[in-house]
Amino acid sequence: MTLIILDAGHGPETPGKRTPDGKLREFHFNVVVAEWVGRFLSAQGIDVHYTHDTSRDVPLRERTAAANRLRADAFVSIHANAYGEGWHQAQGIETYIYPQASKSSAVLASSVQSALIAACKRVDRGVKKADFAVLRDTHMPAILAECGFMSNQTEADLLQNKDYQLQCARALTFGILCWLYTK
């Protein structure tokens, strides 16, 4: 049975992870999208495990240790991006992999990035490499998807919109499924 780990990046109280006007905490976007992705994947017969907790900020080490212990097939961390302080012009969607990531991680990232761009019609910032703990410390293909910028007024409005959240969830699901069926 295939097991996908879904991580609603950050936690409900992580400092600074919110829109400049304070209307949206990043976790609120992340958790809604992660839960939709989980429902969609489960409907396809895929096992899903969540690493986040709505009542506390789960440490990164705890998230990656759980994924490794469960021997998941993939780890998908869902985020909303930000740049600088206050409102900014930076915009778009990007997906990250670890600099020394496996080919399978790169294929998963490419599949998810393409699906997000096709569904959400935002600027394509591409697949990038970064030394993020959830990418470095997991023992399976792992990606971190940034679904828009909380620091961009237009994208902040989208991130708070239920239709956009559902678009992101469907795209993430489609990207994961495409990767699974081509493995």
Legend entry - Basic-acidic side-chain contact under 4.0 Å: R56, E62: yes

Legend entry - Within one Ile-Leu-Val-Met-Phe-Trp-Tyr cluster: Y164 and M150, side-chain cutoff 4.5 Å: yes

Inset, instruction - Side-chain contact test, heavy atoms from C-beta onward, threshold under 4.5 Å: evaluate it for F75 versus T51 and give yes or no. - result: yes

Inset, instruction - Report the distance from atom CZ of F174 to atom CG of L177, rounding to the nearest 0.5 Å. - result: 8.0 Å

Legend entry - E85, CD atom: more than 12 neighbouring heavy atoms under 6.0 Å: no

Inset, instruction - For the residue pair I93 and R125, establish whether any side-chain heavy-atom pair is separated by less than 4.5 Å. - result: no

Inset, instruction - Drop me the distance from L116's CG to E146's CD, to the nearest 0.5 angstrom. - result: 11.0 Å

Legend entry - V48 side chain near V37 side chain, heavy-atom distance below 4.5 Å: no

Legend entry - Gap separating the CD atom of Q165 from the CG atom of N30, nearest 0.5 angstrom: 10.0 Å

Legend entry - I97 reachable from L108 in the ILVMFWY side-chain graph, under 4.5 Å edges: yes

Inset, instruction - Drop me the distance from H139's NE2 to R71's CZ, to the nearest 0.5 angstrom. - result: 11.0 Å

Legend entry - Closest heavy-atom pair and its distance - V134, T64: CA-CG2, 3.7 Å

Inset, instruction - For the pair S104 and W179, evaluate side chain to side chain donor-acceptor pair (under 3.5 Å) and give the outcome as yes or no after the intermediate values. - result: CA-CA 8 Å; S104 190; W179 172 76; 3.2 Å; yes

Legend entry - Residues that T14 engages under side-chain contact (heavy atoms from CB on, under 4.5 Å), provided they are two or more places apart: H10, K17, D57

Inset, instruction - Search all heavy atoms of A34 against all heavy atoms of Y50 and return the closest pair with its distance. - result: O-CE2, 3.5 Å

Inset, instruction - Report yes if some heavy atom in the side chain of L172 is under 4.5 Å from a heavy atom in the side chain of I78; otherwise report no. - result: yes

Inset, instruction - Evaluate the criterion side-chain contact (heavy atoms from CB on, under 4.5 Å) for residue pair D137 and R61; output intermediate values, then yes/no. - result: CA-CA 8 Å; D137 298 337; R61 184 173 297 133; over 6 Å; no

Legend entry - Pairwise side-chain contact, T95 with L144, heavy-atom cut-off 4.5 Å (strictly under): no

Legend entry - Pairs satisfying ring pair (Phe, Tyr, Trp, His ring centres under 6.0 Å), at least one member in residues 86-129, at least two apart: Y83-H88, Y96-F132

Legend entry - Intermediate values then yes/no, side chain to side chain donor-acceptor pair (under 3.5 Å), S77 and H79: CA-CA 7 Å; S77 191; H79 290 257; 2.8 Å; yes

Inset, instruction - Begin from the C-alpha positions of F40 and R170 and carry the test side-chain contact (heavy atoms from CB on, under 4.5 Å) through to its verdict. - result: CA-CA 8 Å; F40 295 149; R170 286 181 175 140; 3.6 Å; yes

Legend entry - Sub-4.5 Å side-chain heavy-atom contact between D157 and K23: no

Legend entry - Check against side-chain contact (heavy atoms from CB on, under 4.5 Å), C120 and C168: CA-CA 7 Å; C120 300; C168 289; 3.8 Å; yes

Legend entry - Under 3.5 Å: donor-acceptor pair, side chain of E155, backbone of G92: yes

Inset, instruction - Quick one: closest heavy-atom pair of G175 and A115, and the distance? - result: N-CB, 3.9 Å

Legend entry - Verify same cluster id: V32, L6 (apolar side-chain graph, 4.5 Å): no

Inset, instruction - Please check if I46 and I176 belong to a single hydrophobic cluster, counting links between Ile, Leu, Val, Met, Phe, Trp and Tyr side chain heavy atoms closer than 4.5 Å. - result: yes

Legend entry - Point-to-point distance, once rounded to the nearest 0.5 Å, from CD of Q167 to CH2 of W36: 13.5 Å

Inset, instruction - Quick one: list whatever passes side-chain contact (heavy atoms from CB on, under 4.5 Å) with A72, sequence neighbours left out. - result: L3, I5, M140

Legend entry - S110 backbone acceptor or donor facing S114 side chain under 3.5 Å: yes

Legend entry - Expected output: side-chain S42 to main-chain G38 donor-acceptor under 3.5 Å: yes

Inset, instruction - Check step by step if salt bridge (Lys or Arg N to Asp or Glu O under 4.0 Å) holds for E13 and R25. - result: CA-CA 8 Å; E13 301 303 325; R25 289 184 184 200; 3.0 Å; yes

Inset, instruction - Answer yes or no: is there a side-chain heavy-atom contact under 4.5 Å between R122 and L158? - result: yes

Legend entry - D21 to T19 - nearest heavy-atom pair and separation: OD1-OG1, 2.6 Å

Legend entry - Heavy-atom closest pair, residues L60 and A133: CD1-CB, 3.9 Å

Legend entry - Single-linkage hydrophobic cluster, 4.5 Å side-chain cutoff, F149 and V112 together: no

Inset, instruction - For side-chain contact (heavy atoms from CB on, under 4.5 Å), just list the numbers for I4 and D47, CA-CA rounded to whole Å, side-chain angles, deciding distance to a tenth of an Å, and then say yes or no. - result: CA-CA 6 Å; I4 303 295; D47 282 342; over 6 Å; no

Inset, instruction - Taking the side chain as every heavy atom from C-beta outward, state whether E26 and R18 have any pair of such atoms under 4.5 Å apart. - result: no

Legend entry - Nearest atoms (heavy-atom pairs only) where N152 meets Q89: ND2-O, 3.4 Å

Legend entry - Main-chain N/O of H52 paired with R63 side-chain donor or acceptor, under 3.5 Å: no

